[in-house]
Amino acid sequence: MSEVHREKDDFFVGYMGRLPEATRGAITAFVVCFLAAFVGGALALGAAQGDPGEAGPAGAVTLRGVIYAQPYPHLRMPPEAGRPLGRTIALNSARGKRGVQAEATELFGQTVEVTGGRLLRGEVETLQVGWRRGAHRIVAVEEEMASRLTPVEPLGRWRIAGEICDSKCYLGVMRPGRGLAHKACANLCVIGGAPAVFVAAGPIEGDEFLLLADAGGGPLPPAYRDLTALLISVEGELERRGELLVFKVDLSTAETL
Amino acid sequence: MSVQYKPVLWDRSKMVYDAVLIAAVGAYLLLYLKLAPSLADWSRDVDYNIQRMRAFGTCAFLMLSFILTIGPLARLNPAFLPLLYNRRHFGVLTCVVAAAHAVFVLDWYFAFSDTERYTALLAANTSYGQVLGVPFEAFGIAALGILIILAVTSHDFWMSFLTPPVWKAIHMSVYAAYALVVAHVAFGYLQSERSPVIAAIVIGAAGIVTLLHVAAARGEARIDLSNAAEAAEEEWVDVGPVCSFMEGRGRVVVLPDGERAAVFRHDGKLSALSNVCAHQNGPLGEGRIIDGCVTCPWHGHQFRPEDGCAPAPFTDKVPTYRLKQVGDRVYLNAEALAPGTYVEPIQLEEAS
Ligand code: FES
C-alpha cells in the first residue's frame, strides 16, 4: 500500500474498509442527523395524523321496514316513541364495495326484514346488509307498513357547502373514510353501489348527512366523480324522507370552495 | 467491456452502512406504528391498514430525500464521500419500502370491489383536468416505476452493459422520481390531512434537497472558474505553475471547450487523464494515487496515470492528454487522446 494511504489521510476507498480519520466527523454528523430525522420524523408524522372521527361498526341487527331503491337503497320505518319521523337508514352491502340495488329494486315498496352490521358515526347510521360472504339478507315479510310512514316533505331549493362521500367509508368502514387521499376509494364504492352522501359543512335542518340524488331523484350521474372529496357548494332540491334528508343536486351548479 | 462486476465484497464499512440503514428504517416503522398513535389525538384509531400505508409512504419519502442529499454534500465537502459507497443499497431499500406502500394502498383503497384492483387504480379517479382532486396516485405510480428501473439496473453488470454514460443518464431520472414523489404527496396526503407538521416536514425535506443542490452547483461553478486553463498557442493550454501540483494528488483543469482533465503528480512526474471516471463519471481529479494508480473518489476504481488503463484484470480505460513543461509552467494539449493511449509522464524540473 502506498505512502498516501498509510498516512491516514482523508481519502476513503470502499474496499479498503476503515473510515479515514478526517472523514469521521462528517460521517458521524450525517449518521446522527439521519437517525434523528427518522426517529423524530416517525413520531412527528405519526402523531400528526388527523382524527378520523368516532365512526365504526356498532353490532349486528335485524330491522323491519319498507325498502326503497332510489336514489340509493334505504329502509324507512314508521314513527315510534322518541323518533317522531321514523328511523330511516341507508343500506350498504357487507360484501366490500358493492350495493344492494338488485334486491332493493326487486322488493321496492315492500316491508322487509334486513339483517347485517350497523355502522355508526355520531347519530348517523347505515346498515351493511348480510355478511362478508354469502347472500344479502333481505327478506319480504307479511306486514303493511307503508301507510304508517311519515309523508315525504319537500324543503325547497338550497345551495349547500360540503363534501361528496360514500356512506360506507364515511360511516366507519375506513378510518378516515373521507378526504382527497380517499377520493378514488370513495368513487369506487359509489360505482360499486354504496349510497353517495353529502356531508354538509354545517347542519342543514338539523342534519349534516344528506343522501344524494340527481335532479330526477335517481342515483348521481358519473360527473360526480370529479367532485368527490372536494369541498364544494352545490344547488338542489331538499326533501325529508323520515329521518333522512335527500338532496337532489344539479351538479352543473357545483363550485369548488 | 469491463469485468468489474465481480461478486460484491462484504467488507466492514458496507455492513455498518447497511446496518445503520436497516436500523433507521426499522425504527421508523416501529415508532410510527407502535408509539406515535399513543401520542395522536384520535377519538378512535386510524385504521391499521391506513397507518401502515402512511408509515411506508412517509418513510420512502424521507429515504429518498436523504439519498439526494449525499451527492451535493460530497461535492461540497469530500469528507462525505464515503457515503457514496453503497448509496445503491440505500436506493434499493427505498424502492422496496415504496413498493410496500403501493401494495398496502392497492390492498385497501382499491380492493374489495368488483373492479380488478389495477384497473380500479387507473379508473376510479380520472379527474386529470383539475388541480385539487387530480389522481395523485398517478405521480406515485410513475415515481415507483422509475425507482424499480433504477433498482433493477443498479448492479454493475447493467452499467457495463448499458455503458456508463447511458447508465448515468438513466440514473439521473431519480430527480424526476423525487419531483413526482413530492407531487404525489402534495396533491394527495397533504391535501387530505392539512396538518402543518406534515406540510412543514415535506416542504423542509424538499427544500433542503434543493438548497444543497444549488449550493453544490454554485461551488462547482466557482471551482471551474478558478481552474479554467488559459488558452495559449493553438491547443496547448496553460494549466498552472509546476509548484501547484502536489505529490500523489490530482488537480482538475477546465479546458477551453468545457471538458475537464485531471493532472496527477506521481513520483515527481506529471500525467493527465480525462477527469471523467469510466465507472460512473466520478471526478477522477479529486481522487488520489494509491498503489501507483489514480483512484476514483466515488467507488475506488483505478486507472494508471500514464495510459488511463485500469490495472489487470480490469479493462476500463479513460482518455489521456499530452503535457509539457515550459519554464515554470505546465501546458496541456487540449486534444484528448483515445482512451488507453500511453503518454510518457513528464519529469518535472522544479524551477530554482
Ligand atoms: S465513478 Fe465509480 S469509481 Fe469512479
Side-chain angles (χ1 to χ4, degrees), chain A residues 1-5 9-20 22-23 25-27 30-31 34-35 37-39 41-56 96-98 174-176 179-185 187-189 191-192 225-230 256, chain B residues 9 11-13 20 24 27-28 31-32 35-37 39-47 50 54-55 58 62 66 77-83 85 109-110 112-115 120 124-125 127 130 132-133 135 137 188-189 191-193 195 197-198 201 248 288-292 295 297 299-300:
Chain A
M1 214 166 277
S2 76
E3 283 304 317
V4 180
H5 191 70
D9 96 333
D10 58 354
F11 193 64
F12 174 75
V13 185
Y15 46 77
M16 288 179 176
R18 304 201 135 262
L19 273 185
T23 69
I27 303 298
F30 185 89
V31 171
F34 175 61
L35 292 175
F38 270 55
V39 168
L43 294 176
L45 289 168
Q49 299 176 82
D51 185 2
E54 175 63 62
K97 300 177 181 180
R98 297 182 178 85
M174 287 196 183
R175 280 189 309 270
L180 274 172
H182 179 264
K183 177 179 168 77
C185 178
N187 280 350
L188 204 54
C189 280
I191 292 168
R225 290 179 208 162
D226 288 339
L227 302 168
T228 326
L230 297 170
T256 307
Chain B
L9 299 175
D11 55 54
R12 188 172 159 278
S13 62
V20 170
Y28 184 90
L31 291 171
Y32 193 106
L35 188 57
L39 306 174
D41 187 16
W42 295 339
S43 36
R44 198 157 169 172
D45 275 2
V46 168
D47 283 330
I50 292 179
R54 289 173 175 176
T58 51
L62 282 186
F66 265 96
N77 181 350
F80 289 107
L81 275 169
L83 294 168
Y85 282 83
Y109 285 158
F110 297 94
F112 318 115
S113 99
D114 283 331
T115 314
N125 179 9
S127 310
Q130 58 199 54
L132 276 186
E137 294 88 348
Y189 194 44
Q191 298 302 329
S192 257
E193 282 298 313
S195 146
V197 175
I198 300 172
I201 292 177
R288 298 293 155 81
I289 301 278
I290 294 177
D291 298 335
T295 306
H299 314 94

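Naming: A, B, ... by sequence-line order, numbering from 1 per chain.
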Pairwise distance [atom1]([X]) to [atom2]([Y]) - rounded to 0.5 angstrom:
X: B/Ser195; Y: A/Leu45; atom1: OG; atom2: CG; answer: 8.0 Å
X: A/Leu180; Y: B/Tyr189; atom1: CG; atom2: OH; answer: 13.5 Å
X: B/Ile50; Y: A/His182; atom1: CD1; atom2: NE2; answer: 7.0 Å

Study note, to complete from the structure: Note: vs chain B, highest number of non-hydrogen pairs under 4.5 angstrom among A/Ala44, A/Pro176, A/Gly192 is A/Pro176
Check your understanding: Taking every heavy-atom pair that is under 4.5 Å apart, which of A/Gly96, A/Cys189, A/Ala26 has the most such pairs with chain B?
Key ->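 Heavy-atom pair counts peak at A/Ala26.
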Under a 4.5 Å cutoff for heavy-atom pairs, which residue among [options] has the most contacts with chain A?
options: B/Val20, B/Leu83, B/Asn77; value: B/Leu83
options: B/Asp45, B/Leu39, B/Thr58; value: B/Asp45
options: B/Ser43, B/Ala36, B/Ala40, B/Ala124; value: B/Ser43
options: B/Thr115, B/Leu81, B/Ile201; value: B/Ile201

What closest approach, in Å, do [X] and [Y] show between heavy atoms, and which atom pair accounts for it?
X: B/Asp47; Y: A/Arg175; result: OD2-N, 2.6 Å
X: B/Phe110; Y: A/Lys97; result: N-NZ, 3.9 Å
X: B/Tyr28; Y: A/Phe38; result: CD1-O, 3.1 Å
X: B/Tyr109; Y: A/Leu188; result: O-CD2, 3.8 Å
X: A/Ala37; Y: B/Leu62; result: O-CD1, 4.2 Å

Need one label for [X]: side chain, backbone, both or neither, based on atoms under 4.5 Å from any heavy atom in chain B.
X: A/Val31; value: side chain
X: A/Leu43; value: both
X: A/Ala229; value: neither

Exercise for review: Let me know if B/Pro82 has heavy atoms under 4.5 Å from chain A in its side chain, its backbone, both or neither.
Suggested key: both
**Study point:** Contacting region of B/Ile198 [heavy-atom separation from chain A under 4.5 Å]
**Key:**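 For B/Ile198, heavy atoms of backbone and side chain both lie under 4.5 Å from chain A.
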Check your understanding: Is B/Asp114 paired with A/Arg98 through a side-chain N to carboxylate O contact shorter than 4.0 Å?
Key -> yes
Point to revise | For A/Asp226, all residues meeting salt bridge (Lys or Arg N to Asp or Glu O under 4.0 Å), sequence neighbours excluded | key: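 Partners of A/Asp226 under the salt bridge (Lys or Arg N to Asp or Glu O under 4.0 Å) test: none.
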Check your understanding: How would you list, by chain and number, every residue that makes a ring-ring contact (aromatic ring centres under 6.0 Å, His included) with B/Phe80, sequence neighbours excluded?
Key -> none
Check your understanding: Does the side-chain contact (heavy atoms from CB on, under 4.5 Å) test come out yes or no for B/Gln130 and A/Leu230, once each step is laid out?
Key -> CA-CA 11 Å; B/Gln130 58 199 54; A/Leu230 297 170; 3.6 Å; yes
Point to revise | Donor-acceptor pair, side chain of B/Glu193 and main chain of A/Gly50, under 3.5 angstrom | key: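 Yes; at least one donor-acceptor contact below 3.5 Å.
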